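The structure appears below as structure tokens.
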Amino acid sequence: MPPPPRRRLPPAARLPPRTFRSYLPRSHRTYSCVHCRAHLARHEELISKSFQGSHGRAYLFNSVVNVGCGPAEQRLLLTGLHSVADIFCQSCKTTLGWKYEQAFESSQKYKEGKFIIEMSHMVKENGWD
């Protein structure tokens, strides 16, 4: 008996699975995108909770996952002139905050390469009391 004919899948079904999503260990306290629940950062990467975003309070992180970065531009922020790039969730494309590319004042250099995520776009998951 010959094998059954092969069904041809539509083009969208033939795309490779999305591999850009990183999953943080379930044993760690994490921050996730409030809109799609993609993991964003481990609690251990948190530097400060006392930052101000464009729309309210924000956290400063050393590193994040599952975010894309837009083009850098100069902005005058509360702490002076910085070169920043907006960051967005790779899964749902929501703008989350920004990445500090360059600080022009010596007292602000510690922010370079760090990430701001606004609290309104994050949810705490895994092991929070």
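Keep in mind the model is a prediction, meaning the values are calculated, not measured. Computed from heavy atoms alone, side chains included, the values below leave out hydrogens, waters and symmetry copies. We're numbering straight along the sequence, starting at 1.
- With sequence neighbours left out, Glu118 forms a salt bridge (Lys or Arg N to Asp or Glu O under 4.0 Å) with no residue at all.
- Applying the under-4.5 Å side-chain rule to Ile, Leu, Val, Met, Phe, Trp and Tyr, the cluster around Leu81 extends to Leu76, Phe104.
- Side-chain contact between Cys33 and Cys92 is present, with heavy atoms from C-beta onward closer than 4.5 Å.
- Hydrophobic clustering (ILVMFWY, side-chain heavy atoms < 4.5 Å, transitive): Val123 and Ile116 are in distinct clusters.
- Taking the side chain as every heavy atom from C-beta outward, His82 and Gln108 approach each other to under 4.5 Å.
- Checked against salt bridge (Lys or Arg N to Asp or Glu O under 4.0 Å), Glu105 has no partners two or more places apart in sequence or in another chain.
- In this structure, Ser120 and Val34 approach most closely via the heavy-atom pair O-CG1, 3.5 Å.
- Looking at Lys114 and Ser63, their side chains never bring a donor and an acceptor atom within 3.5 Å of each other.
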Checklist entry - Would Lys111 and Thr79 satisfy side-chain contact (heavy atoms from CB on, under 4.5 Å), going step by step from the backbone distance to the final call? => result CA-CA 11 Å; Lys111 296 177 183 175; Thr79 54; 2.8 Å; yes
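- The side-chain heavy atoms of Glu125 and Arg29, taken from C-beta on, include no pair separated by under 4.5 Å.
- The ring-ring contact (aromatic ring centres under 6.0 Å, His included) check on His35 picks up His121, with sequence neighbours excluded.
- Listed by chain and residue number, nothing satisfies the ring-ring contact (aromatic ring centres under 6.0 Å, His included) test with Phe51 (two or more places apart in sequence, or in another chain).
- When the side chains of ILVMFWY residues are joined at heavy-atom separations under 4.5 Å, either directly or via intervening members, Val67 and Leu60 end up in two distinct hydrophobic clusters.
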Item to check | Trace of the side chain to side chain donor-acceptor pair (under 3.5 Å) decision for Thr30 with Lys124 | outcome: CA-CA 6 Å; Thr30 59; Lys124 296 176 181 179; over 6 Å; no
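- The main-chain N or O of His39 is found under 3.5 Å from a side-chain atom of Asn66 such that the two form a donor-acceptor pair.
- Not counting sequence neighbours, Ser83 has no partner by the side-chain hydrogen bond (donor to acceptor under 3.5 Å, both in side chains) test.
- Remark: Ser50 pairs with Ser48 by the side-chain hydrogen bond (donor to acceptor under 3.5 Å, both in side chains) rule, at least two apart or across chains.
- Between Cys36 and Cys89, the shortest heavy-atom contact is SG-SG, 3.5 Å.
- Residues meeting the ring-ring contact (aromatic ring centres under 6.0 Å, His included) test with Phe115, sequence neighbours left out: none.
- The side-chain hydrogen bond (donor to acceptor under 3.5 Å, both in side chains) check on Glu112 picks up Lys109, with sequence neighbours excluded.
- With sequence neighbours excluded, the residues satisfying side-chain contact (heavy atoms from CB on, under 4.5 Å) with Met122 are Tyr31, Leu40, Tyr59, Phe61, Ile117, Met119.
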Listing, residues 94-102 side-chain donor-acceptor contacts under 3.5 Å, not counting sequence neighbours, or none:
none

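- Applying the salt bridge (Lys or Arg N to Asp or Glu O under 4.0 Å) test to residues at least two apart or on different chains, the pairs with a partner in residues 67-90 are Glu73-Arg75, Arg75-Asp86.
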